[in-house]
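Remember, it's 1-based here, ligands and their atoms both numbered in the order they're listed.
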Amino acid sequence: MALRFYNSLSQQLEPFSPQDGKTVRMYCCGPTVYHYAHIGNLRTFTFQDILRRWLRASGFALDNVMNITDVEDKIIRAAMAQGKTLREYTAEYEEAFLEDMATLRLERPERVVRATEHIGEMVDLIQQLGAKGFTYETDGSTYYRISKFPEYGKLSHNDFGGMIAGARVDVDEYEKDDARDFVLWKQKKEGEPSWDTPIGDGRPGWHIECSAMAMKYLGTTLDIHAGGIDLQFPHHENEIAQSEAVTGQPFARFWLHAEHLIVEGQKMSKSLGNFYTLRDLLALGYAPETVRYLLASVPYRNKLNFTMDGVKAAATAIDRLRNFELRLKSEKFAAAGHAAAEERAVAATARFRETMDDDLNTAGALGVVFEFLRDTNSAMDAGQFGAENVATAQAFLGLFDSVFDVLRPTVTAGGLSDEAIEALIAERVAAKKARNFGRADEVRKELEAQGIVLEDTKDGTRWKRK
Ligand code: AMP
Ligand code: ZN
């Protein structure tokens, strides 16, 4: 079965391929840079990364745009409270976000674009909407008239038939039962940042930004539009209304929405003390790849219940994977090939692909990987795995890691992480066991160069930092 995604628009699984058969034109709603990203946000961005990587593993090229929302109600309030310009205020959080992405090994989309650098395109789009009769002005602000767009509600599958025509909403975020004419351009308020444009001195609403930037870079019809589930309404509904009113074309062929992350069964909130940023988790001693594994391990359409037990289980899973990788690399297998071992890797590869093709079923794909590990370890123990079987097993592990990307230990600024050191020590032990003394010595020297001293005792190898 071919690659398929659950499309929120049709509420069905649909086979996916890009319009031109080659390059996936994809828009992902990016962060609002008014604070550090929390692990819920990062769950959604990890989903977007897994999606990117699986599209690539499926043979497609990518043209992926992610916006940075750097003008919006909350940002303006916070910047004004601190007496800062928008840019002064957002620069720190934008940088922190890109750093968090890199730490979590989230690939940088082909284009990361700031809202404040596309005001001209937004004004242009609002003018086109105006020319077609989709807007009206009140008190210097411009609103979208949703009664002019009969398909309003088709993404969130809401019937807005009974709504009051002409009722307006000025805020960027609002609830489902509050479907109203939303603001496209807000008149300047005293002290607020603004742009003096042909449609007035003011600033854009949040929703117009994504329509303008998506269509500028990716054309009238995107292959995929992705974001967190909370963006389905009103944000994405409004994006459709804005874009399709102007172009008359479908705005996006596939809409993919990631479910929320909750913590220990509860909504994350500062008052509950369960609100985590990536930095908080790293400070607790967890490696970035452990967090990445956990965030990726639950299929994106399921809620992810983040627990400390879950983080520990993720660390153990990574250990098992690394030990297996190490065994493949350093054990001396008999110079032979076993057909069953070869078939096991081929079958695991096919099943891994089928499972990921099924709307990115990451949990199922990990199941395939661990079954392969268990069976291959048994085959190795039983002498049913030879040197000629190593390459196919490594290729399967390589396919897994091209998506999950957790095998390489993170080297922290202060040198190797504890986990990296332990992985290297395990490699040295395995090399010695395989009588590969050259490699064992190399590892000791590598560790020494990083300021780590080893002490071999009867209970194993101890280490300390110099
Ligand atoms: P924001 O920075 O608030 O614009 O959010 C960035 C992304 O994180 C959006 O795609 C949101 O839908 C998503 N998001 C917000 N809260 C959560 C959560 N608890 N779990 C998963 N994703 C979330
Ligand atoms: Zn957006």
Side-chain angles (χ1 to χ4, degrees), residues 8 26-51 64-75 78 90 93-94 96-98 100-101 104 106 109 111-115 118 121-122 125 155-156 171-173 182 184 204-218 222 224-243 251-252 255-270 272 274-278 291 294-296 298-306:
S8 304
M26 172 156 90
Y27 188 88
C28 296
C29 287
T32 306
V33 282
Y34 82 106
H35 57 26
Y36 293 110
H38 57 61
I39 52 169
N41 302 136
L42 294 172
R43 194 262 167 125
T44 292
F45 296 117
T46 303
F47 144 67
Q48 289 170 180
D49 182 64
I50 299 289
L51 172 60
N64 179 195
V65 175
M66 182 176 75
N67 64 302
I68 302 268
T69 299
D70 58 353
V71 51
E72 178 264 0
D73 295 346
K74 294 189 292 281
I75 296 177
T90 56
Y93 296 110
E94 179 186 306
F97 174 74
L98 295 174
D100 286 351
M101 274 192 87
L104 273 184
L106 307 184
R111 304 179 229 229
V112 177
V113 293
R114 293 190 190 118
H118 296 79
E121 286 84 349
M122 298 180 211
L125 196 58
L155 178 67
S156 49
V171 288
D172 284 330
E173 290 177 79
F182 57 91
L184 295 164
W206 170 34
H207 313 294
I208 195 72
E209 116 187 18
C210 288
S211 286
M213 292 193 284
M215 292 198 292
K216 169 173 180 173
Y217 295 107
L218 301 172
L222 323 174
I224 298 178
H225 195 313
I229 188 75
D230 56 314
L231 300 189
Q232 189 169 0
F233 184 88
H235 185 52
H236 291 160
E237 197 73 70
N238 292 353
E239 282 188 42
I240 290 179
Q242 294 163 151
S243 307
F251 177 46
W255 287 88
L256 271 55
H257 290 109
E259 254 298 346
H260 268 184
L261 172 147
I262 50 177
V263 177
E264 310 275 356
Q266 287 176 305
K267 193 177 154 76
M268 202 171 10
S269 85
K270 294 230 159 85
L272 288 172
N274 65 359
F275 186 97
Y276 297 108
T277 64
L278 177 60
V291 180
L294 180 54
L295 295 182
V298 175
Y300 75 96
R301 287 204 299 126
N302 296 353
K303 277 203 173 54
L304 191 159
N305 185 18
F306 187 96

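- Nearest protein heavy-atom neighbour of atom 18 (C) of ligand 1: His260 CD2, 3.3 Å.
- Side chain of Gln242 to main chain of His207: a donor-acceptor pair is present (N/O by atom type, distance under 3.5 Å, no hydrogens or angles).
- For His38, the ring-ring contact (aromatic ring centres under 6.0 Å, His included) partners are Phe275, not counting sequence neighbours.
- Nearest-residue assignment for atom 20 (N) of ligand 1 (options Ile229, Leu231, Ile262, Leu261; heavy-atom criterion): Leu261.
- Only protein N, O or S atoms were considered, and those under 2.8 Å from the Zn ion (ligand 2) are Cys29 SG, Cys210 SG, His235 NE2.
- Below 30°, between 30° and 60°, or above 60°: for His118 and Tyr217 the angle between ring planes is above 60°, a perpendicular geometry.
- The aromatic rings of Trp206 and His235 lie parallel to each other, with less than 30° between the two planes, well short of the 60° mark.
- For ligand 1, the atoms lying closer than 4.0 Å to a non-hydrogen atom of Thr32 are 1 (P), 2 (O), 4 (O).
- Here Glu237 pairs with Ser156 under the side chain to side chain donor-acceptor pair (under 3.5 Å) rule; sequence neighbours left out.
- Two residues are said to be in side-chain contact when any heavy atoms from C-beta on lie closer than 4.5 Å; Phe45 and Asp100 fail this criterion.
- Looking only at atom types and distance, the side chain of Glu264 has no donor-acceptor partner in the side chain of Asn274 under 3.5 Å away.
- In terms of modelled atom types and a separation under 3.5 Å, the side chain of Asn67 and the main chain of Gly30 share a donor-acceptor contact.
- Look at Phe45 and you'll find a heavy atom under 4.0 Å from some atom of ligand 1.
- Looking only at protein heavy atoms, the nearest one to atom 11 (C) of ligand 1 is Asp230 OD1, 3.4 Å.
- In this structure Gln232 satisfies the side chain to side chain donor-acceptor pair (under 3.5 Å) test with no other residue, sequence neighbours excluded.
- When atom types are taken as modelled, the side chain of Thr90 and the backbone of Val33 share no donor-acceptor pair closer than 3.5 angstrom.
- Only side-chain heavy atoms of His38 come within less than 4.0 Å of ligand 1; its backbone N, CA, C and O stay farther off.
- When the options Gly228, Gly40, Ala37 are ranked by their closest heavy atom to atom 23 (C) of ligand 1, first place goes to Gly40.
- Counting heavy atoms only, Asn41 comes closest to atom 5 (O) of ligand 1 of the residues Asn41, Val263, Asn67.
- Looking from atom 22 (N) of ligand 1 to the surrounding protein, the closest heavy atom is Thr44 OG1, 2.7 Å.
- For ligand 1 and Pro31, the ligand atoms under 4.0 Å from any heavy atom of the residue are 2 (O).
- Side-chain contact check for His260 versus Arg43: every heavy-atom pair is 4.5 Å or farther apart.
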